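Values in this document were obtained by computation on a predicted structure and should not be read as measured data. To find a chain, count down the sequence lines: A is the first, B the second, and so on, and within it residues start at 1. Values below: all heavy atoms of this structure, side chains included; hydrogens, waters and symmetry mates excluded.
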Amino acid sequence: MKRAVLFFVVASIVVACFAYAQSVVTTGTTKTITLPPEKVNLKPGQGMDKAATYCIICHSSEYITMQPKGTKAQWTASVNKMIKVFGAPIKEDDAKVIADYLAANYGTGK
Amino acid sequence: MKNEGFTRRDFLKAAGAATVAAAVGGVPAKLFGQQQRLARYPEKTELIVLTQRPVQLETPLSYFKELITPNEAVFVRFHIPNIATSVDLNKWRLKVKGNTERDLSLSLDDLKKFEKVQYTAVIQCSGNSRSFFEPRVFGGQWGHGAMANCTWGGARLKDILNKAGVKPGSVDCVFDSPDTPPLASVPDFVKSLPIDKAMEEDIIVAYEMNGTPPPMLNGFPARLIVPGWYATYWVKTLTDITVLNKPFEGFWMKPAYRIPNTPCGCVPPGTAPKSTIPIHRMTTRSLIIEPALKSSVKINRPVEIKGIAFSGGYGIKDVIVSTDGGTSWRQAKLGRDLGKYSWIQFSFPWRPTKRGKYTLMAKATNSMGESQPFEGLWNPSGYLWNPVEKHEVVVS
């Protein structure tokens with residue numbers, strides 16, 4: 001049993017080292033890196049599907065989750081900035097659903 | 001901008017996969033919130049993941065015990081998601097064009113033919129320490145780890161521009177990389193310097209970072225170094241320099257990366273500035289690294305208070321330290337001086353004789369007399385953070 005656990009630990013380390021080594025490859029004059037796969041981490045709630053669909057087009061979910069708690073006005077302004085300044089393709093009714101979701105799950109409650 | 005010889009992440013594929021992962025709710029609830037996640041990215045050690053895409057990685061403070069920050073520990077900050085993840089040196093070129101006598105297209109070998117310049121300089125994100133602003137501001141919620149001290153080696157920008165021959169009437173010099181935005185409507189990350197600044201002696205196109213080529217995530221194979229100024233200008237994987245005979249007003253120069261046009265670069269907390277200017281030179285700051293924040297030290301035992309201090313290109317004249325929350329101050333000892341752009345280490349011997357909570361403080365002054373305020377100055381974007389930190393430790 002102990003031997004099996006040891007084997008598993010060693011095998012995991014070998015696999016991890018191999019995976020890391022593979023993240024940078026130099027072939028001839030070309031150097032290539034591979035970024036780790038992205039994970040989305042949003043609180044479940046009404047409107048999460050819209051946030052996960054639209055916000056994630058341009059950025060990963062920490063751009064939402066790392067922010068200080070915002071008022072509904074701040075989150076609405078933030079969604080509007082994404083649409084007006086960065087051209088996020090979000091329709092008006094979806095924008096409201098997303099702003100409501102952000103305010104409800106990442107807000108001050110005001 | 002688009003450039004031959006580069007591939008980028010298929011962001012739509014990634015976004016689609018991510019959406020599915022979110023929809024099935026495969027993330028345990030206990031991961032929500034402000035917890036820090038460490039991860040190892042290509043050519044990097046374990047760093048704090050601020051954001052995955054565009055990738056932003058923060059350096060744990062323990063690395064600042066060293067005078068030079070190793071490449072694998074240097075923070076990463078991108079603005080738009082489709083970054084250069086593959087560079088073929090046979091195809092990579094640094095192109096110079098615009099209001100010049102001639103166009104240049106320089107290979108890495110061509111770049112290495114210019115006289116090589118080398119110095120140590122602090123690289124610091126404009127928004128470093130943004131998470132300490134009060135009232136809080138939206139944006140990348142960095143702790144203090146969006147900075148590093150590295151030795152850079154490369155060719156003077158001035159020499160490159162002189163080879164191209166800058167024509168009279170030039171106003172701005174524009175810098176671009178192969179990064180591309182996720183949607184055509186998102187502004188490409190392009191930065192500029194006034195031509196007089198660009199012609200300064202110390203600005204280089206660096207192909208060496210601590211003696212080796214920079215990691216891909218720090219700008220392989222060459223990046224701009226503007227020592228003393230915030231890293232927003234230090235364009236990574238530099239491919240295009242364009243000299244303009246009119247002001248450049250791209251999004252990342254205006255309205256982004258602006259500070260209030262006031263002597264302190266600040267406004268009363270929560271208010272909007274009347275007018276703004278591009279962020280530029282770094283403020284003077286210091287940070288105690290040892291003993292670590294909130295750590296415990298033993299009574300009646302000698303302990304060395306150690307930290308780092310730097311300014312926007314004017315060196316550090318002195319650092320004073322207080323172990324009683326700012327009531328009394330004494331001179332700290334300064335470490336090896338690696339020049340005006342480097343950070344300097346300071347140390348201060350301490351032997352606490354009473355148990356309890358202590359507030360340690362350090363205050364640095366540069367050679368021009370610029371120092372640090374006792375409270376954080378405020379601006380709406382969360383830039384220029386530099387107050388005297390209140391570094392709490394416990395004596396037991």
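In this structure, the separation between OG1 on A:T108 and CZ on B:R136 is 12.5 Å, given to the nearest 0.5 Å. Between the CZ atom in B:R37 and the CD atom in A:E62 there is a gap of 6.5 Å [rounded to 0.5 Å]. Summarising the geometry, atom CD1 belonging to A:I33 is positioned 4.0 Å from atom CG belonging to B:L217; distances are rounded to the nearest 0.5 Å.
Without hydrogens or angle criteria, B:Q52 side chain to A:K39 main chain gives a donor-acceptor distance under 3.5 Å.
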Apply side-chain contact (heavy atoms from CB on, under 4.5 Å) to B:R53 and A:I56, showing your working.
-> CA-CA 9 Å; B:R53 177 177 54 98; A:I56 307 305; 3.4 Å; yes

Derivation of the side-chain contact (heavy atoms from CB on, under 4.5 Å) call for A:T29 and B:W92 | CA-CA 10 Å; A:T29 55; B:W92 179 86; over 6 Å; no

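With a 4.5 angstrom heavy-atom cutoff, A:A88 touches chain B only via backbone atoms. Of the atoms belonging to B:I80, not a single heavy atom falls under 4.5 Å from chain A. Proximity to chain B is absent for every atom of A:T27, based on heavy atoms less than 4.5 angstrom apart. Proximity to chain A is absent for every atom of B:F133, based on heavy atoms less than 4.5 angstrom apart.
For A:C58 against B:P81, the heavy-atom pair with the smallest separation is O-CG, 3.5 Å. When all heavy atoms of B:T51 and A:M66 are compared, the pair lying nearest together is CG2-CE, 3.7 Å. Nearest heavy atom pair, residue B:S86 against residue A:T32, reads OG-OG1, 2.8 Å. Between A:K31 and B:P215, the shortest heavy-atom distance links the atoms NZ-CA, 4.3 Å. Nearest heavy-atom pair across B:S185 and A:F86 is OG-O, 2.9 Å. Here the closest non-hydrogen pair linking A:L35 and B:P42 is CD2-CD, 4.2 Å.
Between chain B and the options A:M82, A:K69, A:H59, the largest number of non-hydrogen pairs under 4.5 Å is found for A:H59.
Within 6.0 Å of CD on A:Q46 lie no more than 12 heavy atoms contributed by other residues, nucleotides or ligands.
With contacts defined as side-chain heavy-atom distances shorter than 4.5 Å, the pair B:Y41/A:S23 does not qualify.
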